[in-house]
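For reference, the structure is listed below as structure tokens.
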Amino acid sequence: GRPVTVSDVQQLVRRKDEIEAQIKACYELLEGQKGVGMHEPLVDAEGFPRADIDLYQVRTARHNIICLQNDHKALMKQVEEALHKLHAREKEKHAKDEAEALAEAMSQNQSLPQAFARVSAVTPGSPASVSGLQVDDEIVEFGSVNANNFQNLQNIATVVQHSEGRPLSVTVIRGGRRVHVGLTPKRWAGKGLLGCNIIPLQR
């Protein structure tokens, strides 16, 4: 059948409340008949039907209570099953959402270029800091250096020295996204021309 919805469960719960109210009414009716419960005898000591109570009403009420309690039990089972299904569907939906998010992340990852180095430190006020480079940025392009031609940090150092005072195009991966940074190597209060620490990524 169709999937269980929250309103299905609410409907079942309303029905359960109605049945409970009906059971209560039947018990009250029995109480009204001189406190006859479900099991008191309906005959007197002589074996005659009791004249002080409405036997028909008592029998009907007792019969109704038994039927209603069976209904109630069946309904409680339905409520439980519906809640279980609802919960399972929520979990399934959650799993589906997660799977979709993961698939999307994977497809994004596939389109992300290979990083060859990582920024491990950035000194405040340095050219690197001013350009917006951040710690943990993974470098995919540093001027003319990329994952295909990168051998060691000397490659980057050479590019930096040749580009003093000229903006370098640097591409990094940050938080799963590609970010472009314009970095101009230049002399500043600290040492080097960048003021950041770059470490090669182990592949």
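Side-chain atoms are counted along with the backbone in the values below, which use heavy atoms only and exclude waters and symmetry mates. One is the number of the first residue; the rest follow in order along the sequence.
Side-chain contact between Gln134 and Val119: absent, with no pair of heavy atoms (C-beta onward) separated by less than 4.5 Å. The side-chain heavy atoms of Val170 and Asp137, taken from C-beta on, include no pair separated by under 4.5 Å. Within the 4.5 Å cutoff, no side-chain heavy atoms of Asn148 are placed close to those of Phe116. In this structure, Glu104 and Glu100 have side chains that are not in contact, with every pair of non-hydrogen atoms separated by 4.5 Å or more. Using a 4.5 Å cut-off on side-chain heavy atoms (C-beta onward), Phe150 and Ile139 make no contact. Side-chain contact check for Thr184 versus Pro127: every heavy-atom pair is 4.5 Å or farther apart. Counting only heavy atoms from C-beta outward, the side chains of Leu153 and Pro200 approach each other to under 4.5 Å. Looking only at side-chain heavy atoms (C-beta outward), Leu30 and Val58 come within less than 4.5 Å of each other.
Residue Asn149 holds its CG atom at 6.5 Å from OG of Ser144, rounded to the nearest 0.5 Å. The CG atom of Leu193 sits 11.5 Å away from the OG atom of Ser126 when rounded to the nearest 0.5 Å. Note that the CD atom of Gln114 and the CD1 atom of Ile173 stand 8.0 Å from one another [nearest 0.5 Å]. Put simply, CD on Gln33 and CG on Leu42 are 10.0 Å apart, with the number rounded to the nearest 0.5 Å. Atom CG of Leu133 and atom CG of Leu194 lie 8.0 Å apart (nearest 0.5 Å). From Leu168, atom CG reaches atom NE2 of His162 across 11.5 Å, with rounding to the nearest 0.5 Å.
Between the side chain of Asn70 and the backbone N or O of Cys67, no donor-acceptor pair lies under 3.5 Å.
Under the 4.5 angstrom side-chain criterion for Ile, Leu, Val, Met, Phe, Trp and Tyr, Ile199 has no cluster partners at all.
The hydrophobic cluster containing Ile65 also contains Ile53, counting ILVMFWY residues as joined when their side-chain heavy atoms lie under 4.5 angstrom apart, directly or transitively. By the rule that hydrophobic residues join a cluster once side-chain heavy atoms approach within less than 4.5 Å of another member, Val179 and Ile156 end up as members of one cluster. By the rule that hydrophobic residues join a cluster once side-chain heavy atoms approach within less than 4.5 Å of another member, Val130 and Phe142 end up as members of separate clusters.
Residues passing the side chain to side chain donor-acceptor pair (under 3.5 Å) test with Asp136, sequence neighbours excluded: Arg118.
Among residue pairs with one or both ends in residues 153-170, those qualifying as salt bridge (Lys or Arg N to Asp or Glu O under 4.0 Å) are Glu164-Arg187; sequence neighbours excluded. Applying the salt bridge (Lys or Arg N to Asp or Glu O under 4.0 Å) test to pairs two or more places apart or on separate chains, those with a residue in residues 39-51 are Arg50-Asp52.
Residues Pro185 and Ser163 share a closest heavy-atom pair of CD-O, 3.5 Å. In terms of heavy atoms, Gly143 sits closest to Val159 at CA-CG1, 4.4 Å. Contact detail for Pro124 and Ser129: the closest heavy-atom pair is CA-OG, 3.9 Å.
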Identify all side-chain donor-acceptor contacts of residues 19-29 below 3.5 Å with residues at least two apart in sequence or on another chain.
unit_1 : atom_1 : unit_2 : atom_2 : d
Glu20  : OE2    : Lys16  : NZ     : 3.3
Glu20  : OE2    : His72  : NE2    : 2.7
Lys24  : NZ     : Glu28  : OE2    : 3.2

List the atom pairs, donor and acceptor, that lie under 3.5 Å between side-chain atoms in residues 74-94 and the rest of the protein, sequence neighbours left out.
unit_1 : atom_1 : unit_2 : atom_2 : d
Arg89  : NH1    : Val4   : O      : 2.1
Lys93  : NZ     : Asp97  : OD2    : 3.3
His94  : NE2    : Glu98  : OE2    : 3.3

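With respect to Cys196, the side chain to side chain contact (heavy atoms under 4.5 Å, CB included) criterion is satisfied by exactly one of Val122, Thr123, Leu183: Val122.
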